Amino acid sequence: MQPQIHIIDDDASIRESLTALLDAFGWEARTYATAADYLTSLSKPGTDQPQCLLVDVQLPDMNGLDLLSELSRRKVSIPAIVMTGHGDEDFEAQAAARNAFGYFQKPFNTSDLLNTISGVLAPSA
């Protein structure tokens, strides 16, 4: 079974490009435009838990870092990689405080992102 990665980003072009990139590496991607869409999917029967999340910080309905806190509150433990177009050292520290596996500022280096995802998936590969 191929690893599953969920992408939560309100930018359709980012979701599409990340999906194509992940597909090229044999990883299954599911995408969500909002935090609410993703949280709703968690309660649907038959929804598989992914091995990794790619989460944008600036979502229309909830800050991506707050989404990580909400997942923790719900006792959902999924390694997350945080992405932002407006980050700084404070965001990086906040992501680390929420146990994010990685932090990337957009535009990011795809090789670095793929290496980080591989690191997340390595124990389950």
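All of these numbers come straight from a predicted model, not from anything done at the bench.
The pair Arg15-Asp10 fails the salt-bridge criterion, with no side-chain N (NZ, NE, NH1 or NH2) lying under 4.0 Å from an Asp/Glu carboxylate O.
Taken from OG in Ser72 to CD in Glu70, the straight-line distance is 9.5 Å, to the nearest 0.5 Å. Taken from OG1 in Thr31 to CG in Leu54, the straight-line distance is 11.5 Å, to the nearest 0.5 Å. To the nearest 0.5 Å, atoms CG (Leu21) and CD1 (Ile117) are separated by 7.0 Å. Rounding to the nearest 0.5 angstrom, the gap separating the CD atom in Gln2 from the CD atom in Gln4 is 8.5 Å. The structure places CG of Leu113 at 7.5 Å from CE of Met83, a figure rounded to the nearest 0.5 Å. Here the CG-CD1 distance, from Asp23 to Ile5, works out to 9.5 Å after rounding to the nearest 0.5 Å.
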Would you check, one step at a time, whether the test side chain to side chain contact (heavy atoms under 4.5 Å, CB included) holds for Trp27 with Leu114? CA-CA 11 Å; Trp27 300 330; Leu114 290 170; 3.7 Å; yes
Using the side chain to side chain contact (heavy atoms under 4.5 Å, CB included) rule, take Leu71 and Leu53 through it: C-alpha gap first, then chi angles, then the decisive distance, then the call. CA-CA 11 Å; Leu71 291 172; Leu53 295 176; 3.6 Å; yes
Starting from the C-alpha separation in whole Å, work towards a yes-or-no answer on side chain to side chain contact (heavy atoms under 4.5 Å, CB included) for Asp66 and Arg98. CA-CA 9 Å; Asp66 293 337; Arg98 287 167 176 85; 3.8 Å; yes
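Closest non-hydrogen pair, Ala100 versus Leu68, comes out as CB-CD1, 4.4 Å. Between Ala36 and Asp61, the shortest heavy-atom contact is N-OD2, 2.8 Å. Across every non-hydrogen atom of Leu65 and Ala95, the tightest pair is CD2-CA, 3.7 Å. Taking both residues in full, the closest heavy atoms of Phe101 and Thr116 are given as CE2-O, 3.7 Å, listed atom of the first, atom of the second, then distance. Nearest heavy atom pair, residue Ile81 against residue Cys52, reads CD1-SG, 3.8 Å. The shortest non-hydrogen separation linking Ala33 to Pro60 is O-CD, 3.9 Å.
Residues Thr34 and Asp37 have side chains that bring a donor and an acceptor to within less than 3.5 angstrom of each other.
Between the side chain of Asn109 and the main chain of Asp112, a donor-acceptor pair closer than 3.5 Å is present. Side chain of Asn115 to main chain of Ser111: a donor-acceptor pair is present (N/O by atom type, distance under 3.5 Å, no hydrogens or angles).
Counting only heavy atoms from C-beta outward, the side chains of Arg74 and Leu39 approach each other to under 4.5 Å.
Residue Lys106 forms a side chain to side chain donor-acceptor pair (under 3.5 Å) with just one option from Thr84, Asp11, Asp9, and that option is Asp9.
In this structure, His6 and Tyr32 have tilted ring planes: the angle between them lies in the 30° to 60° band.
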